[in-house]
Chemist: 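Before anything else, here's the structure in question.
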Amino acid sequence: MPNLIVPTTAPDGDGCVLSITPESAGWEYIGFEVYRLGEGQTLSRGTGDKEAALVLLSGRAYVKAGGERWDNIGQRMSVFEKTPPYTVYVPSQEQYEVTALTELELAVCLAPGQGNHKARLIAPEDVGVENRGSGSMSRLVHNILPEQKPADSLLVVEVFTAGGNWSSYPPHKHDRDKLPEESRLEETYYFRVQPEQGFAVQRVYNDDRSLDETMAVKDGQAVMVPEGYHPVSAPPGYDVYYLNVMAGPKRIWKFRNDPDHDWLMK
């Protein structure tokens, strides 16, 4: 199994600083990329057999896809403003173009597509906002592309965890195609930390502990979750943001809590 942490690198010619492919991850469904574009820089891509969710993490841009154009979208200059992002959904077999109007951090979320849906803008008012959990398990959740919204494979959500709190907690997993109890979904976590010299802690482990990794994750790094439970902790003094991408054979999120810790739900 590859190292579960994927670091950022210096931008390539297109501005890409992080890339996960099914081949590099050793799995079937998810691709994930982060681009950091300078003002006036343009990214042009085709989706091929994938659908894409273009999440404007910070900055403003105009975006063209599927014969549509959205001008001057994007409102937050940092993910830690905690306002929902602008996102553009692009189906498979389409071209898209993103031109940065300011410095732009862009996440490109990819999964198998069948071309069943049109390109569309997911504006902040279209994003479901919820406060999940209680006490030191509380976190703010933005449901960008949940299963109730149209897509072929992608599920996309972002989570804000305050310093001293836990999220993706109690530990849960979704690695068996055993509906209605549990769905099989690969998952990526893309982290930002404030202040940026901090870190998050994430554990990824399965029932028989053949996978059991505890990681200190830095600002701008991603974690791959091919299977198992995957709780996250934000150390005191450091707020943690992550963008989740999930995909699998069926587009539904059904999880199973770790039986050892399920009592926390009661």
Side-chain angles (χ1 to χ4, degrees), residues 1-37 41-57 63 65-66 85 87-98 104-117 119 144-145 151-158 173-175 177 183-192 202 204 206 211 213 215 217-228 230 241-251 253:
M1 180 174 294
N3 187 343
L4 297 181
I5 292 181
V6 182
T8 51
T9 62
D12 66 12
D14 293 319
C16 185
V17 297
L18 188 148
S19 177
I20 297 169
T21 66
E23 293 75 22
S24 69
W27 59 29
E28 297 180 61
Y29 297 98
I30 294 175
F32 180 74
E33 301 166 340
V34 177
Y35 292 84
R36 294 184 183 161
L37 305 181
Q41 188 173 357
T42 295
L43 173 71
S44 298
R45 286 284 186 277
T47 54
D49 61 356
K50 311 291 186 186
E51 63 180 359
L54 313 178
V55 183
L56 278 64
L57 297 175
V63 180
T87 300
V88 174
Y89 172 83
V90 187
S92 56
Q93 307 303 328
E94 280 286 359
Q95 295 290 126
Y96 66 84
E97 182 178 287
V98 180
L104 179 70
E105 184 177 26
L106 174 73
V108 179
C109 315
L110 300 162
Q114 288 82 47
N116 292 326
H117 310 282
I144 298 168
L145 192 55
D152 291 325
S153 299
L154 281 170
L155 297 164
V156 183
V157 63
E158 62 180 14
K173 72 178 184 74
H174 37 71
D175 57 16
D177 191 4
S183 55
R184 182 164 78 89
L185 296 168
E186 303 161 355
E187 186 166 17
T188 56
Y189 279 66
Y190 174 64
F191 285 87
R192 299 306 309 267
Q202 185 162 35
V204 179
N206 59 14
L211 172 63
E213 299 290 334
M215 298 159 281
V217 189
K218 298 177 183 178
D219 178 57
Q221 293 185 327
V223 171
M224 301 181 294
V225 182
E227 62 174 300
H230 39 275
Y241 163 94
Y242 53 79
L243 179 70
N244 283 143
V245 182
M246 293 180 283
K250 297 181 180 67
R251 190 174 178 262
W253 182 53

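The structure displayed is predicted, hence computed values, not measured ones. Below, each value reflects all heavy atoms present in this structure, side chains not excepted, and no hydrogens, waters or symmetry copies. Numbers for residues simply follow the sequence, beginning at 1.
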Chemist: Sequence neighbours left out, what passes side-chain contact (heavy atoms from CB on, under 4.5 Å) with Pro249? Give chain and number order.
Modeler: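 In terms of side-chain contact (heavy atoms from CB on, under 4.5 Å), with neighbours along the sequence ignored, Pro249 is linked to Tyr29, Asp177, Arg184.
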
Chemist: With a 3.5 Å cut-off and sequence neighbours excluded, list the donor-acceptor pairs that the side chains of residues 16-23 form with protein atoms.
Modeler:
residue : atom : partner : partner atom : Å
Thr21   : OG1  : Glu23   : N            : 3.3
Thr21   : OG1  : Glu23   : OE1          : 3.4
Thr21   : OG1  : Ser24   : N            : 2.9
Thr21   : OG1  : Ser24   : OG           : 3.3

Chemist: Could you pull out all residues at least two apart from Glu158 that satisfy salt bridge (charged side-chain N to carboxylate O under 4.0 Å, His left out)?
Modeler: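 Expected list: Arg76.
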
Chemist: What closest approach, in Å, do Asn3 and Met224 show between heavy atoms, and which atom pair accounts for it?
Modeler: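 Taking every non-hydrogen atom into account, O-CE, 3.2 Å.
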
Chemist: I'd like to check the side-chain contact (heavy atoms from CB on, under 4.5 Å) partners of Asp14; sequence neighbours left out, ordered by chain and number.
Modeler: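 Scan of Asp14 (side-chain contact (heavy atoms from CB on, under 4.5 Å), adjacent residues dropped) gives Asp12, Tyr35, Leu43, Arg45.
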
Chemist: Rounded to the nearest 0.5 Å, how far apart are NE2 of His230 and CE of Met215?
Modeler: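 With rounding to 0.5 Å, NE2 (His230) is 11.0 Å from CE (Met215).
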
Chemist: Out of Tyr190, Phe191, Tyr242, which residue meets the side chain to side chain contact (heavy atoms under 4.5 Å, CB included) rule with Val217?
Modeler: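 Between Val217 and the candidates, side chain to side chain contact (heavy atoms under 4.5 Å, CB included) is satisfied uniquely by Phe191.
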
Chemist: If you compare all heavy atoms of Leu37 against all heavy atoms of Val98, which two are closest, and at what distance to 0.1 Å?
Modeler: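 Taking every non-hydrogen atom into account, CD1-O, 4.3 Å.
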
Chemist: So, for Val245 and Cys109, which heavy atoms are closest and what is the spacing to 0.1 Å?
Modeler: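 Shortest heavy-atom separation between Val245 and Cys109 comes out as CG2-SG, 3.5 Å.
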
Chemist: Report yes or no: does Ser153 contribute a side-chain atom to a donor-acceptor pair with the main-chain N or O of Gly113 at less than 3.5 Å?
Modeler: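 No, because the side chain of Ser153 does not come within donor-acceptor range (under 3.5 Å) of the backbone of Gly113.
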
Chemist: Any side-chain heavy atom of Ile5 sitting closer than 4.5 Å to one from Val223?
Modeler: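 With C-beta onward as the side chain, the pair touches.
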
Chemist: Taking only residues two or more places apart in sequence or in another chain, which ones pass side chain to side chain donor-acceptor pair (under 3.5 Å) with Asn244?
Modeler: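 Per chain and number, Asn244 pairs via side chain to side chain donor-acceptor pair (under 3.5 Å) with Glu187.
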
Chemist: Just verifying a value: how many Å separate Tyr96 OH and Leu54 CG, rounded to the nearest 0.5 Å?
Modeler: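 The CG atom of Leu54 is 5.5 Å from OH of Tyr96, to the nearest 0.5 Å.
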
Chemist: For the pair Thr47 (side chain) and Gln93 (backbone), establish whether a donor and an acceptor sit closer than 3.5 Å, ignoring hydrogens and angles.
Modeler: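 Confirmed, Thr47 side chain pairs with Gln93 backbone.
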
Chemist: Taking all non-hydrogen atoms of both residues, which atom of Leu185 and which atom of Gly248 are closest, and how far apart?
Modeler: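 Smallest interatomic distance, heavy atoms only, reads CD2-N, 3.6 Å.
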
Chemist: Taking side-chain contact (heavy atoms from CB on, under 4.5 Å) as the test, write out the residues that go with Ala107, two or more places apart.
Modeler: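 Phe32, Val55, Leu57, Leu243.
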
Chemist: Holding to side chain to side chain donor-acceptor pair (under 3.5 Å), I want the full list of residues that pass it with Thr42, two or more places apart in sequence or in another chain.
Modeler: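 With neighbours one apart ignored, the set is Thr99.
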
Chemist: Looking only at heavy atoms, which two atoms of Ala151 and Tyr89 are closest? And how far apart?
Modeler: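 In terms of heavy atoms, the two residues are closest at CB-CE1, 4.0 Å.
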
Chemist: For the atom pair CD (Glu227) and CG (Asn206), what is the distance rounded to the nearest 0.5 Å?
Modeler: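 That separation rounds to 4.5 Å.
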
Chemist: For Asp219, what residues pass the side-chain contact (heavy atoms from CB on, under 4.5 Å) criterion, not counting sequence neighbours?
Modeler: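 So Asp219 forms a side-chain contact (heavy atoms from CB on, under 4.5 Å) with Arg192, Val193, Glu196.
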
Chemist: Partners of Arg251 by salt bridge (charged side-chain N to carboxylate O under 4.0 Å, His left out), sequence neighbours excluded?
Modeler: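 Partners of Arg251 under the salt bridge (charged side-chain N to carboxylate O under 4.0 Å, His left out) test: none.
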
Chemist: Can you list everything that forms a salt bridge (charged side-chain N to carboxylate O under 4.0 Å, His left out) with Lys218? Sequence neighbours excluded, please.
Modeler: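 In terms of salt bridge (charged side-chain N to carboxylate O under 4.0 Å, His left out), with neighbours along the sequence ignored, Lys218 is linked to no residue.
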
Chemist: Under the rule for side chain to side chain donor-acceptor pair (under 3.5 Å), what residues qualify as partners of Tyr189, not counting sequence neighbours?
Modeler: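 Ser168.
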
Chemist: Tell me the closest heavy-atom pair linking Ala119 and Pro91, and the distance in Å.
Modeler: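 Closest pair (atom of Ala119, atom of Pro91, distance): N-CD, 3.6 Å.
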
Chemist: Does any non-hydrogen side-chain atom of Leu4 lie less than 4.5 Å from one of Pro226?
Modeler: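 Contact flag for Pro226/Leu4 side chains = yes.
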
Chemist: Hey, does the side chain of Glu51 reach the backbone of Leu154 with a donor-acceptor pair shorter than 3.5 angstrom?
Modeler: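 Checking the backbone N and O of Leu154 against the side chain of Glu51, a donor-acceptor pair under 3.5 Å is found.
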
